[in-house]
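Below is one structure, written out as structure tokens, with a few remarks after it.
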Amino acid sequence: MSVNKEVKRITTETLRQMKHDNQKISMLTAYDYTMAGMVDKGGIDAILVGDSASNVMAGHETTLPITLDQMIYHAQSVVRAVQKALVVVDLPFGTYQSDPQKALDSAVRIMKESGAHAVKLEGGEELVKSIRRIINAGIPVMGHLGLTPQSIYKFGTYKVRAKEQEEAEKLLADAKLLEETGCFAIVLEKIPAKLAAEVTRSVSIPTIGIGAGATVDGQVLVLHDMLGMTYEFKPRFLRQYLSLHDQIVEAVSQYVEDVKAQEFPNEKEQY
Ligand code: KIV
């Protein structure tokens, strides 16, 4: 898709300014060209090429199996469609945790091969050196605290995180550290709304919540969840704006019926 020079692109600086001006930031995931184009046209501020692609696109139980090559493929498809939104790409599990050089190499591959604008990674204090290395190379980094799905086997459950004081204090300290290290924003996933509000007040960079209440600087949802495509996934924090699962199944069964009954194609639908 050719770039429309009239459209003013959203940058990490735009998001910083939005927090400053008390304007809420909207973010959704996308993984492919067609959906990303619609999300961008809908006026979204930022698109996350999330490693949730592992679940919703590939059908894995967790986000762990998705590879760097697969994330780059999804990111390339999204970037081709997007005119305005900031495109952030998840560094997948195993591509940044071992050492800062590996983290930088993975982030560079994403930026160079997809044309995305920033990367996201999960974790706090333990990742400071890697985050610094990536940012020093000129790559913007979004942090992710609270429920970090790449650590699901450590947590053992997808329940709300940081309800206890010790974990809440660590999360707050991590958020401040991510800000000091130079992250441009932080995703806060599935934590008590009160804690998310405290983090949001305590850092000058935007916080983007998912299951973190209303007192954050922005919201993110998985696109397939908010469109009602992921049938059985209905956590309390999710608002479904459509029921696409049911509508698609209905449309397909109508098509099957029409083909079998020789009602499709009709005379106007042929040459
Ligand atoms: O991968 C993803 O979709 C995410 C969001 C849940 C924030 O990280």
Side-chain angles (χ1 to χ4, degrees), residues 15 24-32 35-36 39 44-68 70-75 77-78 85-97 106-107 110 114 116 118-124 127 131 140-152 155 157-162 171 174-175 178 183-191 196 199-200 205-213 216-227 229-230 233-240:
L15 301 193
K24 296 289 181 192
I25 297 163
S26 61
M27 188 177 200
L28 282 170
T29 66
Y31 320 99
D32 68 86
M35 289 293 216
V39 171
I44 205 80
D45 296 311
I47 291 181
L48 173 66
V49 184
D51 59 358
S52 49
S54 180
N55 309 107
V56 292
M57 300 303 286
H60 293 296
E61 209 175 299
T62 72
T63 57
L64 275 66
I66 200 160
T67 66
L68 188 55
Q70 288 165 339
M71 287 302 296
I72 289 169
Y73 167 77
H74 286 298
S77 310
V78 168
L86 180 83
V87 179
V88 184
V89 182
D90 263 333
L91 280 169
F93 176 69
T95 67
Y96 63 96
Q97 290 93 344
S106 304
I110 286 178
S114 76
V119 297
K120 174 167 87 59
L121 41 75
E122 297 180 4
L127 287 175
I131 294 171
V141 175
M142 177 178 267
H144 184 156
L145 298 172
L147 177 64
T148 46
Q150 292 179 13
S151 303
I152 185 57
F155 298 150
T157 154
Y158 285 104
K159 284 193 187 137
V160 178
R161 301 302 313 176
L171 190 144
D174 276 344
L178 291 182
C183 286
F184 71 89
I186 308 171
V187 166
L188 298 175
E189 180 164 354
K190 231 174 166 186
I191 61 170
V199 173
T200 301
I205 55 174
T207 57
I208 315 282
I210 172 163
V216 284
D217 299 308
Q219 299 289 336
V220 59
L221 285 175
V222 169
L223 182 65
H224 291 59
D225 297 340
M226 64 82 78
L227 294 178
M229 295 174 91
T230 40
F233 186 68
K234 289 191 176 117
R236 173 164 153 184
F237 69 79
L238 175 65
R239 186 176 297 177
Q240 285 187 341

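As the structure is a prediction and not an experimental result, all values here were calculated from the model. Counting convention: from 1, in listed order, for ligands and their atoms alike.
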Item to check | ligand 1 contact by His144, heavy-atom criterion under 4.0 angstrom | outcome: yes

Next on the checklist: Can you confirm whether or not the ring centre of His224 sits under 6.0 Å from the ring centre of Phe233?
Outcome noted: no

Item to check | ligand 1 atoms in contact with Ile210 (distance to a heavy atom under 4.0 Å) | outcome: 6 (C)

Checklist entry - Any side-chain donor-acceptor pair under 3.5 Å between Tyr31 and Ser52? => result yes

Next on the checklist: Suppose I only count heavy atoms of Thr29 and a 4.0 Å limit; which atoms of ligand 1 are within that range?
Outcome noted: 3 (O)

Checklist entry - Is the backbone N or O of Pro92 less than 3.5 Å from a side-chain atom of Asp51, with the two atoms forming a donor-acceptor pair by type? => result no

Next on the checklist: Side chains of Glu122 and Tyr96: any donor to acceptor distance under 3.5 Å?
Outcome noted: no

Next on the checklist: Is Lys120 close enough to touch ligand 1? Criterion: a residue heavy atom under 4.0 Å from a ligand atom.
Outcome noted: yes

Item to check | Under 3.5 Å donor-acceptor, Thr200 side chain and Thr207 backbone | outcome: no

Checklist entry - Of the backbone atoms (N, CA, C, O) and the side-chain heavy atoms from C-beta on, which set of Thr63 has a member under 4.0 Å from an atom of ligand 1: side chain, backbone, both, or neither? => result neither

Checklist entry - What residue among Asp90, Val49, Val141 forms side chain to side chain contact (heavy atoms under 4.5 Å, CB included) with Val119? => result Val141

Item to check | Within-cut-off N or O pair, Tyr31 and ligand 1, under 3.5 Å | outcome: no

Item to check | Side chain, backbone, both or neither: Val222 near ligand 1, heavy atoms under 4.0 Å | outcome: side chain

Item to check | Shortest heavy-atom approach to atom 2 (C) of ligand 1 - which of Ser52, Ser54, Pro149, Gly209 | outcome: Ser52

Item to check | Element-labelled atoms of ligand 1 that are located less than 4.0 Å from some non-hydrogen atom of Asp90 | outcome: 1 (O), 2 (C), 8 (O)

Checklist outcome for this item: In this structure, atom 7 (C) of ligand 1 is nearest to the protein heavy atom Leu48 CD2, 3.7 Å

Item to check | Between Asp32 and Ser77: side-chain donor-acceptor atoms closer than 3.5 Å | outcome: no

